Amino acid sequence: MKTFIYTATDVQGNTVKNARMTAEDVNDFLEKIHEKGMFCSSYKEASAKSSNTLHKFTTKELSNDCRQLSAMLTSGLTLVKALDILHKEQEKKAQKQIYQEIYEEVQKGQSFSDALKMQQGAFPNFMISMVQAGEASGSLDVIAKRLEDNYAKESKLNNKIKGALMYPIILAVLCVAIVVALFTFIMPTFKDLMTEDDMKGITGALFTFSDSLIANWYIYVAVVLAVIFVVKYSLKIPSVRYKFDKLKCKGPGFGKLVVKVYTGKFARTLSSLYSSGIPMVEAIERSAAILNNDYIQKAFETVVDEVKQGEQLSVSIQRTGIFESMFVSIIYVGEESGALDTILTKSAEFYEDESDSAIQRLVGMIEPVMIIFMGAAIGFVIAGILPALYNSMENIQ
């Protein structure tokens with residue numbers, strides 16, 4: 001599918017500018033414009049770069065949309081009518097356009113999952129897989145409810161992470177602001193009180209840095225921005241990203257806490273996919289991919305191969321050494337009892353509660369580091385200034 005950006009006018013004379021539409025080719029695009037009763041004055045095919053700017057739905061938006069869709073389908077409305085209402089209820093222009101295109105595709109006989117897939121990344125693969133399973137089993141209303149629950153929990157977790165990180169972020173900004181203020185506003189006021197003999201050792205180094213920061217502040221800003229750019233670019237390199245993601249899982253202290261968060265998300269996703277009738281192999285692949293961790297995804301390539309060959313999921317996961325033994329035991333019990341989806345759902349609820357505690361502990365590890373950094377910076381300045389200032393006062397006396 002291709003994305004076209006166009007300007008068109010309808011029969012009432014209303015003009016739509018920079019609108020988007022997906023189509024197989026130019027002829028298909030022009031045919032769709034004609035079917036909508038519009039005259040296209042200009043159009044162009046969106047480049048790969050501009051296609052990536054298509055609106056991506058947040059977990060909160062997905063939860064709200066799935067809630068409405070589930071309610072409408074459960075009440076007996078057809079999918080076409082439900083999508084039409086959902087399209088009209090959207091507040092943002094980009095979302096309204098996406099749902100309008102989905103509504104039109106489904107109205108013409110396209111499957112709902114294929115219509116979602118045409119939107120080039122606006123919807124996550126997990127949702128598309130679930131919808132596909134719901135269409136195959138004829139239980140799209142049930143699937144929509146599961147999607148609502150899943151995205152509601154994910155949105156709640158994301159909000160908790162953002163809320164927990166707010167204080168450390170404020171503390172980090174405060175640390176940087178205090179250090180900059182010390183070296184640019186406070187230290188220069190003491191410079192005239194110092195003698196050449198005082199300007200040695202730590203004191204001289206501190207005043208040299210202060211003068212450099214005041215005179216060449218733009219260089220320091222450029223260096224910080226360059227470091228941020230290098231880090232972001234490096235994380236796009238597969239080998240670097242793999243090592244970074246492995247560090248997140250294996251790092252001392254914080255590694256186990258991060259894995260607990262991953263465990264809850266993996267269990268919830270696998271339970272939702274497997275209970276919806278999606279084959280185990282595909283469910284495992286989707287569940288590992290949704291964690292957005294290259295190290296885990298690479299390890300689960302082996303898990304998928306072993307499960308295809310008849311290996312038990314619990315045994316194969318245990319070999320990866322990623323998840324804790326209790327979670328592996330839960331999967332084993334589920335496999336033996338034939339109630340894997342039910343046990344995974346219960347374990348997901350347990351590990352989601354554990355995730356809350358893990359997030360708080362992770363944040364608790366960051367706060368002391370920030371306080372120590374701020375205290376060390378202030379203490380270093382005091383250790384450099386006070387002795388020299390004391391000597392200067394003695395000389396005045």
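Side chains included, hydrogens not; waters and symmetry mates left out as well; all remaining heavy atoms used. On a predicted model such as this, the values are computed, not experimentally measured, just so you know. Note that the numbering runs from 1 along the sequence shown for the chain.
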**Message:** Starting from Val231, can I reach Val223 by hopping between I/L/V/M/F/W/Y residues whose side chains sit under 4.5 Å apart?
**Reply:** yes
Inset, instruction - May I ask you to test the Asp245-Ile296 pair for a side-chain heavy-atom distance under 4.5 Å? - result: no
- Would you find a donor on one side and an acceptor on the other, under 3.5 Å apart, between the side chain of Ser155 and the backbone of Tyr151? no
_Leu69 and Leu79, any side-chain heavy atoms less than 4.5 Å apart_ = yes
Note to self: Applying side-chain contact (heavy atoms from CB on, under 4.5 Å) to Gln297 and Leu291, what does each step give before you reach the verdict?
What the structure shows: CA-CA 8 Å; Gln297 201 162 344; Leu291 299 179; over 6 Å; no
Q.
Closer than 3.5 angstrom, by distance alone: can the side chain of Lys96 be matched with the main-chain N or O of Lys88 as a donor-acceptor pair?
A. yes
- [ ] Test Gln90 against Asp65 for side-chain contact (heavy atoms from CB on, under 4.5 Å), laying out the working first.
- [x] CA-CA 9 Å; Gln90 299 302 311; Asp65 290 347; 3.3 Å; yes
* Below 4.0 angstrom, N of the basic side chain to O of the carboxylate: do Lys145 and Glu148 qualify? -> yes
Linking I/L/V/M/F/W/Y whenever their side-chain heavy atoms sit closer than 4.5 Å, directly or via other members, would Val180 and Leu225 fall into one cluster? no
Exercise. Considering residues, nucleotides and ligands other than Met326, do more than 12 of their heavy atoms fall under 6.0 Å from its CE?
Worked result: yes
Centre-to-centre under 6.0 Å for Phe266 and Phe300, is that the case here? yes
Item to complete: Evaluate whether atom NZ of Lys156 has more than 12 neighbouring non-hydrogen atoms of other residues, nucleotides or ligands under 6.0 angstrom away.
Response: no
Exercise for review: Verify, without hydrogens or angle tests, whether Ser75 (side chain) and Ala71 (backbone) share a donor-acceptor contact under 3.5 angstrom.
Suggested key: yes
Is there a donor-acceptor contact under 3.5 Å from the side chain of Ser329 to the main chain of Ser325? yes
Next item on the list: Count the heavy atoms belonging to other residues, nucleotides or ligands that lie under 6.0 Å from CZ of Phe185, then report whether that count exceeds 12.
Entry: no
**Asked** Any chain of hydrophobic side-chain contacts (each under 4.5 Å) joining Ile219 to Val176?
**Response** no
For Leu273 and Ala283, the nearest pair of non-hydrogen atoms, with its separation, is CD1-O, 3.7 Å
Here the pair of heavy atoms bringing Phe112 nearest to Val106 is CA-CG2, 4.0 Å
(message) Tell me if a side-chain donor or acceptor on Ser271 pairs with a main-chain N or O of Ala267 at a distance below 3.5 Å.
(response) no
_One pair to check against side-chain hydrogen bond (donor to acceptor under 3.5 Å, both in side chains): Ser287 and Tyr274. What are the steps and the verdict?_
CA-CA 10 Å; Ser287 301; Tyr274 185 62; over 6 Å; no
Rounding to 0.5 Å, atoms NZ (Lys56) and CD (Gln95) come to a distance of 14.5 Å
*What do the steps show when you test Lys248 against Val259 for side-chain contact (heavy atoms from CB on, under 4.5 Å), and what is the final call?*
CA-CA 8 Å; Lys248 287 195 292 186; Val259 169; over 6 Å; no
Flag the pair Phe123 / Leu62 as yes when at least one side-chain heavy-atom distance between them is below 4.5 Å, and no otherwise. yes
Side-chain heavy atoms nearer than 4.5 Å, only ILVMFWY residues, links allowed to pass through others: does that put Val142 and Met127 together? no
Side chain to side chain contact (heavy atoms under 4.5 Å, CB included) test vs Met130 passes for just one of Cys66, Pro124, Ser272, namely Ser272
A side-chain contact here means heavy atoms from C-beta on lying under 4.5 Å apart; do Met118 and Glu105 qualify? yes
> Centres of the Phe57 and Tyr99 rings: under 6.0 Å?
Replying inline: yes
Distance col, row Lys162:NZ vs Leu157:CG, nearest 0.5 angstrom, shows 11.0 Å
Practice item. Measure the shortest side-chain to side-chain distance between Leu257 and Val261 over non-hydrogen atoms and say whether it is less than 4.5 angstrom. Key: no
Taking every heavy atom of Gly134 against every heavy atom of Ile143, the minimum-distance pair comes out as CA-CG1, 3.4 Å
The reported gap from OG1 in Thr302 to CD1 in Ile317 (rounded to nearest 0.5 angstrom) is 12.5 Å
Non-hydrogen side-chain atoms of Ser137 and Ser276 separated by less than 4.5 Å = no
Rounded to the nearest 0.5 Å, the CG atom of Leu344 sits from the CG atom of Leu313 at a distance of 8.0 Å
N/O donor-acceptor pair under 3.5 Å between Ser63 side chain and Lys60 backbone: no
On a heavy-atom basis, the closest approach of Ile343 and Gly334 is CD1-CA, 3.4 Å
Output for pair (Phe327 CZ, Tyr262 OH), nearest 0.5 Å, gives 14.5 Å
d(Tyr332 OH, Leu340 CG) to nearest 0.5 Å is 13.5 Å
Q: With side-chain hydrogen bond (donor to acceptor under 3.5 Å, both in side chains) as the test, would you mind laying out the steps for Ser113 and Glu135 before giving the verdict?
A: CA-CA 8 Å; Ser113 56; Glu135 289 175 320; 2.8 Å; yes
*Can you find a heavy atom in the side chain of Glu324 that is under 4.5 Å from one in the side chain of Lys260?*
yes
Looking only at heavy atoms, the pair that brings Ser314 and Glu335 closest together is OG-OE1, 2.8 Å
Heavy-atom nearest pair, Glu285 first then Val304, reads CG-CG2, 3.5 Å
> Can you check side-chain hydrogen bond (donor to acceptor under 3.5 Å, both in side chains) on Glu336 and Gln312, steps first, answer last?
Replying inline: CA-CA 10 Å; Glu336 291 297 314; Gln312 280 189 307; 3.0 Å; yes
If you apply the rule side-chain contact (heavy atoms from CB on, under 4.5 Å), what do you find for Asn293 with Lys246, and how did you get there? CA-CA 8 Å; Asn293 184 294; Lys246 184 177 181 179; over 6 Å; no
Review point. Do Asp294 and Lys298 have side-chain heavy atoms sitting under 4.5 Å apart?
Key: no
Query raised in the report: With the 4.5 Å side-chain cut-off for hydrophobic clustering, are Leu235 and Leu247 part of the same group?
Result: no
- Task: Measure from the side-chain N and O atoms of Glu61 to the backbone N and O of Thr58, and report whether any donor-acceptor pair falls under 3.5 Å.
- Result: yes
Count the heavy atoms of every other residue, nucleotide or ligand shown that sit under 6.0 Å from NZ of Lys108, and state whether that count exceeds 12.
yes
